[in-house]
Amino acid sequence: MVIAQRFGEGHRVLVTGGAGFVPSHLVDALIGRGCTVVAVDNFITGAKDNLGHLADNPRFTLIEADITEGLPAHHPAIAERFDAIMHMASPASPTDFGTIPVEILRVGSIGTLNLLERATADGARFLMASTSEAYGDPLVHPQPESYWGNVNPVGIRSVYDEAKRFSEAATMGYHRSRGTDVAIVRIFNTYGPRMRPDDGRAIPTFISQALRGEPITVHGDGSQTRSITYVDDLVRGILMLLDSTETGPINCGTEHEFTMRQLAEKIIELSGSSSTVTFIERTSDDPEKRRPDLTLARTKLGYEPSVGPDEGIRRTIEYFQTRV
Ligand code: NAD
């Protein structure tokens, strides 16, 4: 199956959180297709630098604003109609869950509602960046979209998990009651250049520690697993969903599943580091296992990840070498 490109030259796309890790790669891909892109970001976890290379591009506008306050209607780039709205804004690192929980709840609730209103008014396609965290600590493995999840509603991670679950519910509510053209992607752990070295997620943490020759800190006994996706594969999958007429939710990720200990060892090997692995206390509600069932992505979108873990981790190490 091949999904025809629906959004390209002449189309205006709004990307919230555009200066973040995943969204900035998405912005690059949309610009590459000929779209006009408006990114809105309050830089709470993102960085202007991630989009610095587009500063002189006439098809790109970066606006500093908090989407929970509503879109800045006075800005000419916001006043004009959008063909697609991609709601990517949200802090996503487990360390953020403890430090900025209210901001996470607001962007995943008020922010989502604001954008759904705008997408409905514009007749735009609305794409919601949801997460594998919607499955919580899953009791079904791998996770198909039909699994409703196992989330602790009052745990430390709940501000993120429940905000995303609310966003999914809001997206379907607007679709059913207002006819909004929507799509929900459930993103599994993604890595690559432009992650923050200090963002608390396993891959940037392990790579930073390996490059500094420090011990690699693995939570618990390191037997918990994650599947890891290189950002280029994810962006391709998200754009396939955008181009399609599917509502989702559709999982996007890879089936390369590692234990955290294996991941640490792989990073030591690929970076040629002298670091050793050390084990620290596990955070609460940390899921045991995570791997997407990709059947829907394959059959509905023709999605197939193509960057293997060695290649992706090498590219990420190269990026971090210039920063750590
Ligand atoms: P990121 O923190 O790098 O990017 C998020 C961006 O949103 C940042 O630039 C941040 O400043 C911006 N933002 C946050 N609140 C905002 C607000 N109120 N107004 C305007 N901008 C705001 O994170 P990321 O890993 O690139 O994640 C991007 C999206 O993908 C998020 O929605 C996240 O939940 C989702 N996701 C990511 C992963 C992953 O593994 N990276 C996995 C699942 C889901």
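Just so you know, ligand 1 is whichever comes first in the structure, and atom 1 is the first atom listed for that ligand. Atom set for the values below is all heavy atoms of this structure, side chains included, hydrogens, waters and symmetry mates excluded.
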N or O contact, A92 vs ligand 1, cut-off under 3.5 Å = no
Flag for Y319-R315: side-chain donor and acceptor within less than 3.5 Å = no
the protein heavy atom lying closest to atom 22 (C) of ligand 1 turns out to be N42 OD1, 3.0 Å
What's the spacing between M195 CE and S208 OG if we round to 0.5 Å?
-> 10.0 Å
Which ligand 1 atoms are under 4.0 Å away from a heavy-atom of F43?
-> 11 (O)
Counting heavy atoms under 4.0 Å, the part of S93 that contacts ligand 1 is neither
Determine whether any heavy atom of Y160 lies closer than 4.0 Å to an atom of ligand 1.
-> yes
Geometric N/O contact S130 with ligand 1, under 3.5 angstrom = no
Please verify whether a non-hydrogen atom of T16 lies at under 4.0 Å from ligand 1.
-> no
P91, any N or O under 3.5 Å of ligand 1 N or O = no
Below 4.0 angstrom from a heavy atom of V22, which ligand 1 atoms are there? Numbered from 1 as shown, please.
-> 26 (O), 41 (N)
Donor + acceptor pair across side chains of R186, S130 (<3.5 Å) | no
Parallel, tilted or perpendicular: ring planes of Y135 versus F188, cut at 30 and 60 degrees | tilted
Find the distance between OG1 (T254) and CG (L294) and round it off to the nearest 0.5 Å.
-> 7.5 Å
Please, which pairs that meet salt bridge (charged side-chain N to carboxylate O under 4.0 Å, His left out) have at least one residue in residues 36-54, sequence neighbours excluded?
-> none
Test item: side-chain donor near acceptor, S275 and E214, under 3.5 Å = no
Close approach, K164 and ligand 1, non-hydrogen under 4.0 angstrom = yes
Pair T180-H175, side-chain donor/acceptor within less than 3.5 Å = no
Qualifying residues under side chain to side chain contact (heavy atoms under 4.5 Å, CB included), relative to R176, sequence neighbours excluded = M172
Compare every heavy atom of A170 with every heavy atom of T112, then report the nearest pair and how far apart it is.
-> CG2-CB, 4.4 Å
For ligand 1, is there an N or O atom under 3.5 Å from any N or O atom of N189?
-> no
In this structure, CD of E145 is separated from CG of D293 (nearest 0.5 Å) by 6.5 Å
Counting heavy atoms only, name the option from A89, G108, S90, A39 that's nearest to atom 5 (C) of ligand 1.
-> S90
N or O contact, S132 vs ligand 1, cut-off under 3.5 Å | no
Would you say ligand 1 has an N or O under 3.5 Å from any N or O of V107?
-> no
Among L26, I44, I63, which residue places a heavy atom closest to atom 15 (N) of ligand 1?
-> I44
Of the choices T45, V15, T190, which has the non-hydrogen atom that lies closest to atom 10 (C) of ligand 1?
-> T45
Consider ligand 1: state whether an atom of it lies below 4.0 angstrom from any non-hydrogen atom of R201.
-> yes
Below 4.0 Å from any atom of ligand 1, is there a heavy atom belonging to S24?
-> no
Ligand 1 contact on F21 by region, counting heavy-atom pairs under 4.0 Å = both
N/O to N/O below 3.5 Å, does that happen between H87 and ligand 1?
-> no
Which residue and heavy atom of the protein sit nearest atom 29 (C) of ligand 1, plus the separation | M88 O, 3.1 Å
N or O pair under 3.5 Å between G46 and ligand 1 = yes
Any N or O of I67 that comes nearer than 3.5 Å to an N or O of ligand 1?
-> yes
Give the minimum heavy-atom separation between G312 and V307, together with the two atoms involved.
-> N-CG1, 3.7 Å
Heavy-atom closest pair (D233 atom, Y303 atom, distance to 0.1 Å) is O-CE1, 3.4 Å
